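Computed from a predicted structure; not experimentally measured.
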Amino acid sequence: MAEMTETVPRFEAQADLSALNTFGLRVRAARLLRLRSVDGLAAAIAAPGWAVGPRLVLGGGSNLVLRGDFAGTVLKVEIAGRRLLRDEADAWIVEAGAGENWHDFVRWTLVQGWSGLENLSLIPGTAGAAPIQNIGAYGIEIADRFESLDAVELDTGARRVFGLADCAFGYRDSVFKRSPGRWLVTAVRFRLPKPWRAAMRYAEVARELEARGIAAPTPLDVSDAVIAIRRRKLPDPVEIGNAGSFFKNPVVDAAHCARLLAAHPAMPHYPQPDGGEKLAAGWLIEQAGWKGRDLGPVGCFERQALVLVNRGGATGADVERIARAIMAEVEARFGVALEPEPVFVG
């Protein structure tokens, strides 16, 4: 990944973060540093005062709830670059700088003819944030296409390459998410398989392609279908503040699922390899009566119950209040504990 020489870090004091988090929460950081190279990060770590106060690594700000002003340093990752590293017999190995817009990177790979990320189209955020959350959609997760990544340990400045096993990926989880503030991802590499086969486990994508009259889809066709579905269901953060899907789909044991199905035969459920059953959090929330309902300035989106939206002037406390209310009602009604996807900071 090409780097721009950067010797003097430029910290912005009392920086407004309103435009740097997709919820649009009006908060400030004591210091903000925009990182455009690994050299710039090394210079920042060597600068006086680096170890003072907490640090927050920020990509696209799409998986974050800021409870209030941040008293430390926010590191805004803006490292650019994308390239084909290797053309192997069974895969293309493609690299993205951590600051690359995720959706733009996905579409670029498809235009180049390197397929495999199409199901992850239109997910907000950056390439560097994608493995931290192990983002996933329509049957594909980052872990399914991951090769390796580069990261810097913020306390020491040590650089390390992480392979698949090192990342300890889980459902919307990774070693990085479990150790917030320790590592800053600088570049990510993906293994895009040859030959390509469409991942069509989700009927919603198949129905969209059928509606478009496409019987033998290309990777770009699948991407277009996913984009259309997401645009119908999910609000654009530019138009109304949100963090995308707010709750993880819970997994319960088979006996619990059987009891729920006896009372709710139409309940969606998906068998898991360990014998558990994954439930649709959006369905549970909707059945609990929250879809389209507001609590103060934060609401449960009318087209997708998984999404919480900022109706205007919301704080992190407002977001947390409605999230806790939804979680309590779902647990009381179904005996299922929901878990938020976004990280709460502060």
Side-chain angles (χ1 to χ4, degrees), residues 22 60 62-63 82 84 90-92 94 96 100-127 130 133-146 172 190-240 242-249 266-271 278-283 285-286 291-292 300-307 309 341:
T22 60
S62 60
N63 193 50
R82 50 196 187 189
L84 176 67
D90 63 343
W92 294 281
V94 183
E100 286 285 329
N101 176 276
W102 173 254
H103 175 66
D104 291 348
F105 172 69
V106 170
R107 293 293 288 190
W108 174 76
T109 62
L110 298 176
V111 169
Q112 306 304 313
W114 310 323
S115 51
L117 298 176
E118 54 281 343
N119 290 47
L120 304 178
S121 297
L122 209 63
I123 295 178
T126 58
Q133 178 74 357
N134 187 22
I135 62 172
Y138 301 106
I140 296 293
E141 293 181 329
I142 285 296
D144 300 320
R145 300 288 184 259
F146 183 80
R172 304 296 178 268
F190 301 92
R191 172 172 287 271
L192 306 182
K194 304 177 186 176
W196 175 75
R197 287 190 300 175
M200 303 294 290
R201 235 175 57 197
Y202 278 68
E204 197 171 14
V205 178
R207 286 196 299 268
E208 178 67 26
L209 291 167
E210 184 180 2
R212 292 165 175 248
I214 299 172
T218 67
L220 276 168
D221 289 332
V222 174
S223 176
D224 289 342
V226 168
I227 290 169
I229 294 167
R230 290 182 69 89
R231 282 181 172 156
R232 281 199 301 270
K233 293 170 58 175
L234 303 174
D236 185 343
V238 174
E239 298 174 359
I240 184 167
N242 72 91
S245 295
F246 198 89
F247 297 100
K248 298 179 182 180
N249 289 321
M267 182 186 72
H269 60 104
Y270 309 95
K278 182 181 287 187
L279 309 182
W283 186 90
I285 295 165
E286 184 171 352
K291 188 176 182 180
C300 192
F301 192 53
E302 43 276 355
R303 295 204 305 270
Q304 172 53 269
L306 269 183
V307 178
V309 294
E341 280 194 29

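Here the CZ atom belonging to Arg107 is positioned 4.0 Å from the CD1 atom belonging to Ile227, to the nearest 0.5 angstrom. A distance of 13.0 Å separates NZ of Lys291 from CH2 of Trp283, quoted to the nearest 0.5 Å. The CG atom of Leu209 lies 9.0 Å from the OG1 atom of Thr218; values are rounded to the nearest 0.5 Å. Here OG1 of Thr109 is found 11.0 Å from CZ of Arg145. Values are rounded to the nearest 0.5 Å. Atom CD1 of Ile240 sits about 12.0 Å away from atom OG1 of Thr22, to the nearest 0.5 Å.
Taking the side chain as every heavy atom from C-beta outward, Arg303 and Leu234 never approach each other to under 4.5 Å. With a 4.5 Å cut-off on side-chain heavy atoms, Ser121 and His103 count as touching. Annotation: side chain of Pro124 is in contact with side chain of Arg230 (closest heavy-atom distance under 4.5 Å).
Between Gly136 and Arg172 the shortest heavy-atom distance is O-NH2, 3.0 Å. Summarising the geometry of Leu110 relative to Ser223, their closest heavy-atom pair is CD1-CB, 3.5 Å, with the distance given to 0.1 Å. Closest approach of Tyr138 and Ile229 over heavy atoms only: OH-CG2, 3.0 Å. Residues Ala281 and Leu306 come closest through the heavy atom pair CB-CD2, 3.5 Å. The two atoms that bring Trp196 and Gly116 nearest to each other are CD1-N, 4.2 Å, heavy atoms only. Counting all heavy atoms, side chain and backbone alike, Leu120 lies closest to Ile135 at CD2-O, 4.4 Å.
Looking at residues two or more places apart in sequence or on another chain, you find no side-chain hydrogen bond (donor to acceptor under 3.5 Å, both in side chains) involving Asn242.
Between Glu208 and Arg232 there is a salt bridge, since at least one side-chain N of the basic residue sits less than 4.0 Å from a carboxylate O of the acidic one. With respect to the salt-bridge test (charged N to carboxylate O, under 4.0 angstrom), the residues Arg191 and Asp90 qualify.
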Practice problem: Assess whether ring pair (Phe, Tyr, Trp, His ring centres under 6.0 Å) is satisfied between Trp102 and Phe190, documenting all intermediate values. | Solution: CA-CA 13 Å; Trp102 173 254; Phe190 301 92; 5.5 Å; yes

Exercise. Evaluate the criterion side-chain contact (heavy atoms from CB on, under 4.5 Å) for residue pair Val226 and Glu118; output intermediate values, then yes/no.
Key: CA-CA 8 Å; Val226 168; Glu118 54 281 343; over 6 Å; no

Practice problem: Could you check Val94 against Arg82 for side-chain contact (heavy atoms from CB on, under 4.5 Å), going step by step and ending with a plain yes or no? | Solution: CA-CA 7 Å; Val94 183; Arg82 50 196 187 189; 5.9 Å; no

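Other residues, nucleotides and ligands contribute only 12 or fewer heavy atoms inside 6.0 Å of the CD atom of Glu210.
Between the side chain of Asp224 and the backbone N or O of Asp221, no donor-acceptor pair lies under 3.5 Å. Here the side chain of Asn134 pairs no donor or acceptor atom with the backbone of Glu141 at under 3.5 angstrom.
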